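In what follows, a single structure is set out as structure tokens and then discussed.
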Amino acid sequence: MTQPNPFAPEQPAPSAALRQPSALPLQLAGVVLAAGLIGVLVSLIGGLVNVGLNDSGAWLRYAAVYWVTHLLMAGLGAYWLAQAYLERHGLEGYRQPAGLLASYGLTYLLLGWAIGHVSGLLYIWIYDQVGFYDRYWLVNLGMWLFGLLGFCLQVLLPLWLLLHLLRDKAEVADGAIQVSAVKLACCFALALAVAYLQLAGLATRLWSGMGAGYALEGWEGAINLAQAVVVALVAFFAARSALPQQVRGFRGGRLALAVLITLALWIASALLGAIVLVALVLVGGVGEIFLLLAIGALQLALLWPFSRLGLRWGYQTQAVRG
């Protein structure tokens with residue numbers, strides 16, 4: 001009788017007890033996207049009425065980037081939270097989920113209206129208390145933080161509450177789910193793109209000031225959006241190359257940790273690049289535009305190994321044997 005080799009590589013997890021992911025997370029993401037589009041349409045009509053068609057160019061460019069970012073965050077956040085909640089509690093889905101979906105969509109719309117109203121009042125109050133043109137960076141920082149809080153209150157908190165309150169209608173599942181590498185890579189890449197859009201948008205607002213005039217007449221947001229697409233593509237293919245074909249479990253918390261590790265490495269390298277850029281500009285001899293392009297290209301190149309490192313250190317995949 002032969003003994004097993006203790007130095008043999010670890011075998012992938014067997015797939016006998018695995019199941020396909022529930023359709024509920026995708027349905028919830030679809031609902032929040034549909035409700036978000038309704039909100040966009042209402043905001044578009046109201047904005048055009050207030051601004052006017054002749055003066056709406058810069059406003060539309062800024063608003064469009066904001067809408068795309070918010071819809072992307074809302075859809076990804078709803079899917080991620082629902083998938084992680086179902087997996088954590090061992091649930092297959094919910095019986096007759098129409099009530100859950102309708103309640104979430106209606107709650108999203110009502111909270112969006114309430115948060116938008118409060119945001120307008122808060123903006124006016126900060127303007128009166130601080131003085132916009134004196135400390136516009138402080139106003140923009142506060143409004144950016146309030147936007148993140150509003151996202152949590154409008155998208156994440158009501159979904160968690162509804163999933164928790166309707167647990168009596170949930171169906172218990174057997175075994176872990178089997179997730180494709182494409183789906184995980186999409187979540188990973190979109191999360192990095194959302195983080196990039198938020199940080200780039202904050203940097204733009206702190207630099208120029210949203211209410212102090214558009215430094216590029218609203219085109220800075222479109223540039224950030226185009227760069228986010230490139231970031232998402234690089235992160236997707238890097239994650240797809242690092243993940244096995246099929247993975248055991250979604251593990252939303254571990255995947256979020258991988259995103260944070262990747263982002264921390266990338267930000268650290270960007271800060272180092274900024275220091276080098278300033279030093280080279282002070283020394284002279286090299287054009288600023290050339291340096292910016294070179295450092296930008298280097299940052300994109302570094303995103304590939306950083307993504308793989310983030311997944312290796314944070315996610316630690318469990319492959320499924322085919």
Side-chain angles (χ1 to χ4, degrees), residues 29 33 36-37 39-41 43-44 47 51 56-77 79-80 140-141 143-144 147-148 151 182 185-241 259-260 262-274 276-277 287-308 310:
L33 287 176
L37 288 175
V40 167
L41 181 60
S43 300
L44 177 61
V51 177
S56 61
W59 177 81
L60 277 176
R61 285 191 289 271
Y62 171 78
V65 175
Y66 170 80
W67 290 333
V68 170
T69 304
H70 179 77
L71 289 175
L72 183 60
M73 286 181 62
L76 181 63
Y79 175 83
W80 201 305
N140 283 329
L141 178 60
M143 295 305 298
W144 180 77
L148 293 182
F151 166 76
V182 173
C186 281
C187 291
F188 179 82
L190 289 177
L192 279 177
V194 164
Y196 176 82
L197 283 172
Q198 286 293 328
L199 295 176
L202 175 62
T204 300
R205 293 174 66 175
L206 293 180
W207 181 259
S208 61
M210 183 179 64
Y214 295 89
L216 297 175
E217 297 183 352
W219 289 110
E220 61 269 33
I223 294 173
N224 291 337
L225 185 59
Q227 292 172 337
V229 172
V230 179
V231 167
L233 289 174
V234 174
F236 171 80
F237 287 108
R240 181 61 189 87
S241 67
V259 172
L260 290 176
T262 303
L263 194 61
L265 292 173
W266 206 37
I267 291 176
S269 66
L271 292 176
L272 180 60
V276 173
L277 174 63
E288 290 84 350
I289 300 298
F290 173 78
L291 288 175
L292 284 173
L293 292 175
I295 291 179
L298 178 61
Q299 282 298 113
L300 282 177
L302 289 175
L303 183 58
W304 182 282
F306 288 164
S307 297
R308 293 178 62 91

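Keep in mind that this is a model prediction, so the values were computed, not measured.
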Taking side-chain contact (heavy atoms from CB on, under 4.5 Å) as the definition, give me every residue that meets it alongside [X], ordered by chain and number, with sequence neighbours left out.
X      : result
Ser241 : Trp304, Arg308
Leu272 : none
Val182 : Ser180, Cys186, Phe236, Arg240
Ala195 : Leu263

Whether Tyr196 and Trp266 hold their rings parallel, tilted or perpendicular, with breakpoints at 30° and 60°: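 The rings of Tyr196 and Trp266 sit tilted, inter-plane angle from 30° to 60°.
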Please report the shortest heavy-atom distance between [X] and [Y], naming the atom on each side.
X      : Y      : answer
Thr262 : Gly310 : OG1-CA, 3.4 Å
Phe151 : Gly77  : CZ-CA, 4.5 Å
Ala193 : Ala232 : CB-CB, 3.9 Å
Leu192 : Ser307 : CD1-OG, 4.1 Å
Leu190 : Leu72  : CD2-CD1, 3.8 Å

Trace of the side-chain contact (heavy atoms from CB on, under 4.5 Å) decision for Val68 with Leu197: CA-CA 10 Å; Val68 170; Leu197 283 172; 5.6 Å; no
From [X] [atom1] over to [Y] [atom2], what is the distance, rounded to the nearest 0.5 angstrom?
X      : Y      : atom1 : atom2 : answer
Trp67  : Leu41  : CH2   : CG    : 9.0 Å
Leu71  : Met73  : CG    : CE    : 11.0 Å
Leu303 : Phe237 : CG    : CZ    : 13.0 Å
Leu37  : Leu44  : CG    : CG    : 11.5 Å

Pairs meeting criterion side-chain hydrogen bond (donor to acceptor under 3.5 Å, both in side chains) with involvement of residues 294-303, two or more places apart: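 Checked against side-chain hydrogen bond (donor to acceptor under 3.5 Å, both in side chains) - neighbours excluded - the pairs reaching residues 294-303 are Ser269-Gln299.
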Leu300 vs Val230, side-chain contact (heavy atoms from CB on, under 4.5 Å): CA-CA, chis, key distance, verdict: CA-CA 8 Å; Leu300 282 177; Val230 179; 3.7 Å; yes
Greater than 12 external heavy atoms within 6.0 Å of Tyr66's OH: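 No.
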Set of residues satisfying ring pair (Phe, Tyr, Trp, His ring centres under 6.0 Å) with respect to Trp80, sequence neighbours excluded: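 Result, ring pair (Phe, Tyr, Trp, His ring centres under 6.0 Å) vs Trp80: Phe250.
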